[in-house]
Amino acid sequence: MDWFKKKIKGVDTNASKNTLATSLVEERTKSNIILNSIESGVVVIDDHNSIQLVNPAAARLLGWAAEEAIGLDYRTVIHIVDDKNKEYPDHMNPFKIVLEKHESHRDNAAVLASKTGTQIPINITVTPLFDASQHLNGVVGIFSDVTEQRREERQRAEFISTASHEMRTPVAAIEGYLALAMNDKVAKIDVKARDYLEKAHSSTQHLGQLFQDLLTSAKAEDGRLSNHPSVVEFGSYLQQLSEDLKFGAEKKGLLVEYITNAGDAGHPNAAGTKVVTPLYYVYADPDRMREVITNLFDNAVKYTDTGKITIGLTGNESIVQFYIHDTGPGIPPNDIPHLFQKFYRVDTSATRTIGGTGLGLFICRKIVELFNGRIWVESEVNKGSTFYINLPRLSTQKASELQKAAASQSVSAMPTPTATI
Ligand code: ADP
């Protein structure tokens, strides 16, 4: 970082004597003008964690004078916290990540805790700096105050969730009355009227689903999605869920298969030996995960005309992986990068006739990310699609520790028995 200190801190008195020095001075002046005038905070940290540069915007946001901060360890000056004011652990700290991994990192959900105690929502990007021989000699962090932007986002999300919540009630009433009108036991209608009412009923159901999805996605976006994680053994959980889901698919004439990497769970394999199914423990909310799997399974059924849907489970010592494979129309490669965004639907004649909101996969991604997981799709047009989910795997020991801790908590939460006469 010596080159940097020389450029920033002082100008060699002989500099003007040669053109190289002159151009360096000009360059420095230009960069200083930019650094001093931009609204984004810029800090440079060397490979020994020491702060080398703080521009005026960074000084203002951090609450530190540049002269005070320069030379200090960045961890003394820059405190990044989450939305609950809890300091980021090392593995989430953008500076630490880039100093270790030597790759750029961006965080759009961070909050800066300034020296004066104010909390400022920021977007931050940290980029590595390399010397001529490609050795990391520091990092540059650029961050900006996004208080206004986050406030607007919150307001928007609140409006969507209030509106969709309010609109669900009358829609449910309309749906109920339409169902009554179509019920032979309570109403007499002719064939034509029944046809119209059936159409109205199906559109109302779609509207109800849209409001429900809007509500869930608004909550997912501002972190209000309720979430009660517990230890879940995915082998038995997924097998049971596959049993529950398969009727919908079979009604459409599709086969449903559940497979684990240990073969048919608990049953003798082809050689006649009993296969021991590994225990795949994860820490997640089983109800939320059911929403995700049901959504992926329903999509597989919805978009597949003939063939088979396979629900699979596998994993290694650190990951539990499950997938839902279908023999449907597949997804064009250009659409895949956008698939998990809000309201994205592949524009084909099939999707135009098949109902949907384009929110399902967005909600799935948000839920999977709540449990530090990853969701993605691999697909081939006219062959089918496979949606994968990876979740961090718990060791059997960690799973039983967490189960014991949860059991003791629920015991202590129980009311103390009182003596009765
Ligand atoms: P939708 O309510 O439209 O199904 P999703 O967010 O669940 O919304 O899915 C987004 C889009 O991804 C769908 O509109 C569809 O085009 C495509 N898609 C999702 N699952 C599949 C699948 N199994 N096979 C083919 N296309 C799919």
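Counting starts at 1 for both ligands and their atoms, following the listed order.
Residue Lys302 has at least one heavy-atom neighbour below 4.0 Å for each of these atoms of ligand 1: 1 (P), 2 (O), 4 (O). Counting the atoms of ligand 1 from 1 in the order shown, those under 4.0 Å from a heavy atom of Tyr344 are 10 (C), 11 (C). Shown in contact with Ser385 at under 4.0 Å from a heavy atom are these atoms of ligand 1, numbered in order with element: 24 (N).
The shortest N or O to N or O distance between Gly358 and ligand 1 is under 3.5 Å. Of the N or O atoms in Leu339, none lie within a sub-3.5 Å distance of an N or O in ligand 1. Polar contact check, Tyr303 against ligand 1: a nitrogen or oxygen pair lies under 3.5 Å apart.
When non-hydrogen atoms are compared, ligand 1 lies under 4.0 Å from neither the backbone nor the side chain of Thr304. With a 4.0 Å heavy-atom cut-off, ligand 1 is reached by the backbone of Leu361 and by its side chain too. Of the heavy atoms in Phe387, only side-chain atoms (C-beta onward) come closer than 4.0 Å to ligand 1.
Residues Glu291 and Asn295 bring no donor and acceptor atom of their side chains to less than 3.5 Å of each other. Side chains of Arg393 and Ser318: a donor-acceptor N/O pair is absent below 3.5 angstrom, by distance only. Side-chain polar atoms of Asp213 and Thr357 form a donor-acceptor pair below 3.5 angstrom.
Ion pairing between a basic and an acidic side chain is recognised when a charged N comes within 4.0 Å of a carboxylate O; Asp190 and Lys192 show no such pairing.
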From CA spacing to verdict: salt bridge (Lys or Arg N to Asp or Glu O under 4.0 Å), Lys404, Glu401: CA-CA 5 Å; Lys404 275 189 202 134; Glu401 278 169 22; over 6 Å; no
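Once rounded to the nearest 0.5 Å, the distance linking CZ of Phe387 with NE2 of His325 reads 12.0 Å.
Among Val346, Leu296, Thr357, the residue whose heavy atom sits closest to atom 2 (O) of ligand 1 is Thr357.
The minimum heavy-atom distance linking Thr125 with Arg106 is given by the pair OG1-NH1, 2.8 Å.
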